[in-house]
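For clarity, every value in this text was computed on a predicted model and none was experimentally measured. Heavy atoms only: backbone and side chains are in, while hydrogens, waters and symmetry mates are out.
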Amino acid sequence: MTEQTAVHSPTPLERRQQLWLWFGVAAGPLIWAIHLVLAYALQSLSCQWQFLHTTILGMHGLRFTLLVITILAVLLIVYGGVVAYGFWRRFRSLEYGQGDGRREPERGRLPFMAYVGVAFSALFALVTLLMLTPILALDICG
Amino acid sequence: MATIASPGETPERMAGSPDTLERVWQPPGGFIGWFSVVNHRSIGQRYIVTGMFFFILAGIAGLLMRIQLAVPENTFLNPELYNQLFTLHGTTMMFLFAVPIMEGVGIYLVPLMIGARDMAFPRLNAFGYYTFLISGIVLWFSLLIGSAPDGGWFAYVPLTGPRFSPGPGIDFYATLITFLEVAALVAAVELIITIFKMRAPGMSLNRIPLFVWAILVMAFMIVFAMPPLMVASIELMMDRTVGTHFFNPAAGGDPLLWQHLFWFFGHPEVYIILIPGLGMVSAIVATFSRRPFVGHTLVVIALIAIGFLSFGLWVHHMFAVGLPIVGASFFTVASVMIAIPSGIQIFATLATMWSGKVVLKAPMLFVLGFIFIFVLGGITGVMVAAIPFDLQVHDTYFVVAHFHYVLIGGAVFPLFAGFYYWFPKLTGRLLDERLGKWHFWLLFIGFNATFFPMHITGFLGMPRRVYTFLPGLGWDLLNFISTAATFVLAAGIVLFMFNVFKSWRQGQVAGNNPWGAGTLEWAAASPPAPYNFRSTPVVESLEPLWYKQAHDPAEHEIRHVDAANETQDQFGLQDFQRESLGTSPLDAAPEQRIVLPGPSIIPLLTALAVAFTFVGAMIDVVLVPIGAFLVFLVIVAWHWPSREEQAISHPATTSPPGLLPTSVVASNHGSQPPIWGGMLLLLLIESVVFASLISSYLYLRSGAIEWPLGGIEKPDLLLPSINVLVLLASSIPIFIADQGIRKGNQTRLRFGLIAGAVLAIVFLTLKYIEYSSLDYDWTSNAYGSIVWTITGFHSAHVISLLLKTIVVVILAFKGYFTAERNIGVQVNGIYWHFVVVVWIPLFITLYLLPYLLDPL
Amino acid sequence: MHSTKNLPHLTWTQKQKPPYRPKLLPGGTVILALFAAGCRQTPINNLTGIPSALDARGPAAASVTELWWIIFGLGTAVFITVIGLMLWIVLRRRVGVEETAVDLRKARSTPLILWGGIVIPFVILMVFLFFSLRTLAFLQQVSAAEPLTIEITGRMWWWEVHYPDEGFATANEIHIPVGRPVQIRGTSADVIHSFWVPQLNGKQDFTPGRLDTLWLQADEPGTYRGLCAEFCGLQHARMQLIVVAQPADQFEAWLEQQRLPAPEPVDALTRRGQQVFLGSACVYCHTVRDTNATGDLGPDLTHLASRRTLAAAILENNPGNLAGWIIDPQHIKPGNLMPPTDLDSADLQALLAYLNSLE
């Protein structure tokens, strides 16, 4: 019954770093979701109520705004990916997958989370980036 | 590691010796006993059997529809009946078969796969099942009285509104959908908390089996998808019964609001059904390729990514509505990109098969059938993401073909694969292999011959949901082929049922692990003992049984998990009450002994009371408050501690040295009990509900030229602002009460609770004064409808908070709470603060937005 | 930034295929005896071809057909590759024995996931997205300086058609000039309907409280079937329409004729028929211009006899079907608003003669 104490080994990550790790994991999907809802609402409302219809830098104002917020969103997601990648480099040498689970379960879990974060960022950055194609290729209020 | 049984001993229990553990976990017998069972495997089995029953019913409805469409101008069914049948077919398949059966399989398997003895909230589990059962029965009862819903499972307004569907049919739909969502949400909460809090030690996030991941993703999707539908169906009910105007364009409402809310649920719904199927496939492929699943982490990522992306697709059901093209195209992008995680899933399956040797047993055949059908359905799915193409095939038989490929391929084939795979775990016997192969080929050929021609029928212009069609349009032969093949499909299902009945009695005896699989459920007996595992297993890899085998060839199983001659659990779980090990959410480190409740009839009574409320809403609105009061009474009875539990010396409250603390007191020892997580999930669900209501408000506002509508004055700000302060202030005494009892201070506890309650009453009184002076109500126009609904809904929360607090106050005066035993106060406090805080965004929406958004 | 995209061989104004000749069967020769047994009408389509989305007769539908054949090619290639791979893997090293040992070595097939599940699909999806957006841009580009506008209102379960510039109304039959984009402006008077003429363009929902537009253009003369695609209640299946695309001169002639007031009765029988009509409940729901029949719940009957179909393109418009429809409209289309009419044989004959005179 004494061995259970081993399980309560303190985490190698401080609280703040844990938050950063979670940021790395969640940035992709969350920012994508927020951006999608925002961009969709902005586009519909702008075309319905005729605002943002000025020309900015030779571009339709709405097109320009959507372009800017999309690029911002992609950059944020990529930043999340960079954070996750940092953790991945730090943890990847830890044993992954097998081993005595009770002693140091985090040895597998931390690189796992970092890996998930990198992959999420890549996927959701792509999805967000591709939203530029309709923004640039189509009649913006057609 | 604790004691391990010596090799060679059989897991049979010693005859005659009283086995406390067995007795404590045994489900009760007898008639009343049957309704009191709370064990997860019993509940899971009931979900599966009931789900299959509804599958057969809805299948028969489908068969009848196909007979009607066999030839043009057929008169086999009249249009009323046809429309009722296709509505019931869709509604039943989605809400009464697919979601519940996936949840049922999860409820049955998840505790076994993660090495737990039961789920986190067994009574809630039973309650969810009865809710599901009652709503299913009532829905089909409506067909018997000839007024089944006939507006389609998607129930588009205004067709389903009070003007065009005055009969009771749609009332059945709107009420029972809302009711069923309760069941789905309850099971989702149950599954999430079980997976996060009750995994065997060592099962850190990276070692969770794919099936459990799939169930987790499904459950979270339910948490986010169901509340918007709930809001939509309640709004529909209110439009129909109390005269609100949410969907009435003549009074500022908008039929598209329904579509947005419905598809925000409806698209994830498809993936809610699909994802557990993917999980089953992963488990089966690994076993039958004799290989750990290749690309495990990638597939976890794929499952979660599908979960997220599926919420970004809802508008692709609305391309034909005439929404702005660029905005709609955003959803094309998401719909296209969801093919990437799906592709990962398929190719990980292929890679696993490639790296191993494939054993072609019946489960594996169904997996291959799944790949064939699902890939085809996926390809047509990407196609319909292209707006121009979708505008041609939308609402035609092409789409009917597409989603049957996705749903039957993605859910029903994996489900059958799962039945063949896990049947021995449920019954101890294998399903007949030869019949299984016949079953597969009949189903596979019948399915493809039924649904493949529909792609072409759709191209040739045949719309969905038509009860008949003209001859001479080129649709005759294709429809006839589809109908004929349906019978082959049905024969496959009949053969399967025969196989189940036959094998249940005379099937080959399976043993614990007939397939030589690697995950924990195969370490338990077949069927498992009522407590699943005598001693909590420890997990060192993704496939603990294989890992064990490789590292210690003498041990072909993790013996200690089931050996009856274990006298004790290795983590000190006690035998005299139901206990299961509680572990930390990320790393599954042992933290507490979760004390689980035993059999009880109260879940059934609660389900009946809730059913009374909902069915009452259909008959007369007056019955709703009566029902709500009944619900309150049974919930109090549910949570009221028994005489023994009230004693301070109750074993749940005390932690002997050397043992982990129980869940009742765990929060004082650095870990949170399941109820704490359950409360957080409830708050999450509530947040989604409130967010859906705010979205409804914003959507209605965005379509209106003047706001408030119809010359209604902008809201007065003075009284409401004071009231916000009153409500915010009420949190302070509640906080004091919580902090007080943690130090054992009874006076602060009692004073704080009462002071909080008084402030809440003041809030409600001011609210009443404010609203009774308004010159409009919910029947005035859509503005009135949404304002009164949001306020009313929040006020109902405050009232329920008050009722709940009164119960806590009574217990406090009885001296039930102590410095150790205070989780009830904590949980009540969390809910209180939530109801207070959520009023801030609601206040901004209702009172400030009419001013802020004015320049728009 | 924004460039107008053109499908090189498709434009909104060009004709390309040889004229399509609909096979019209001789429809007028029906004996009166048939409508004594009016219940025995059997609806059949002999007016239009198959309303196939792949048999495109206009630039919009043609661009989608072209898109379809591209994505069909991509999809087929993907399907055959994946299923071929699967079968090869399964049949390659099949083992019949269950007691195969588990292979716990590190698998080397991860590249299959990387390439097969991520990289190649991504490339294919980008190709798909490109063609999809190109078609969309083409569809967005349509406009006409002076578009011919037709207003359509979906009703349970028929289509009310207005030619606002011409000032007349008809039902369930739209005439359009060949080779010219026509703007359809649609809404609904009751529930959501969806307007769809597969051979000309994709569908557009008509939602109450909204006004949506759709462009139609036929490049060949012909009669095309349209359907209601959104479930709209009991008789959703029986809510169809036909689009008649005509060369400009014929179209003008049709407009000319529709603009005329209803023909006055010329003989005793039609005069009596008019009296029967105007003296019956018909007038509460139907309009015949310049008479006191001004109801607006049912189709405008001013030029009923010039229309080719009855009951929203379900029945061919001939005396037999018309008689059967009048006697018992609930038989062929249960639940529609029109009640059965109880007339003696002589009145019925007269009414039919009158209605058939409304050319």
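- When each of V300(B), T332(B), I304(B) is scored by its heavy-atom pairs under 4.5 Å with chain A, the top score falls to I304(B).
- Proximity to chain A (any heavy atom under 4.5 Å) is restricted, for I340(B), to the side chain, taken from C-beta onward.
- Look at K197(B) and E591(B) and you find a salt bridge, because one of the NZ, NE, NH1 or NH2 atoms lies within 4.0 Å of a carboxylate O, short of that distance.
- Residue contact with chain A, scored on non-hydrogen atoms closer than 4.5 Å, is absent for I338(B).
- In this structure, the portion of V315(B) lying under 4.5 Å from any heavy atom of chain A is its side chain and not its backbone.
- Residues Y271(B) and H267(B) bring their aromatic ring centres within 6.0 Å.
- Contact count versus chain A (heavy atoms, under 4.5 Å) is highest, among V326(B), I325(B), I705(B), for V326(B).
- For Y40(A), there are no side-chain hydrogen bond (donor to acceptor under 3.5 Å, both in side chains) partners, not counting sequence neighbours.
- Taking the six-membered ring for Trp and the full ring otherwise, the centers of W314(B) and F331(B) sit less than 6.0 Å from each other.
- For a residue to count as touching a neighbouring chain, one of its non-hydrogen atoms must lie under 4.5 Å from one of that chain's; by this rule L698(B) does not touch chain A.
- The side-chain hydrogen bond (donor to acceptor under 3.5 Å, both in side chains) check on S696(B) picks up E235(B), with sequence neighbours excluded.
- Using a 4.5 Å heavy-atom cut-off against chain B, no residue of residues 76-86 of chain A qualifies as contacting.
- In summary, the aromatic rings of Y697(B) and W707(B) are positioned with their centroids under 6.0 Å apart.
- Among all heavy-atom pairs drawn from G115(B) and T536(B), the shortest one is O-CG2, 3.8 Å.
- Aromatic ring pairs are classed by plane angle as parallel below 30°, tilted from 30° to 60° and perpendicular above 60°; the pair W20(A) and F23(A) is perpendicular.
- If you measure heavy-atom distances from A39(A) to chain B, the contacts under 4.5 Å come from both the backbone and the side chain.
- With sequence neighbours left out, A225(B) forms a side-chain contact (heavy atoms from CB on, under 4.5 Å) with F265(B), P268(B), I272(B), F311(B).
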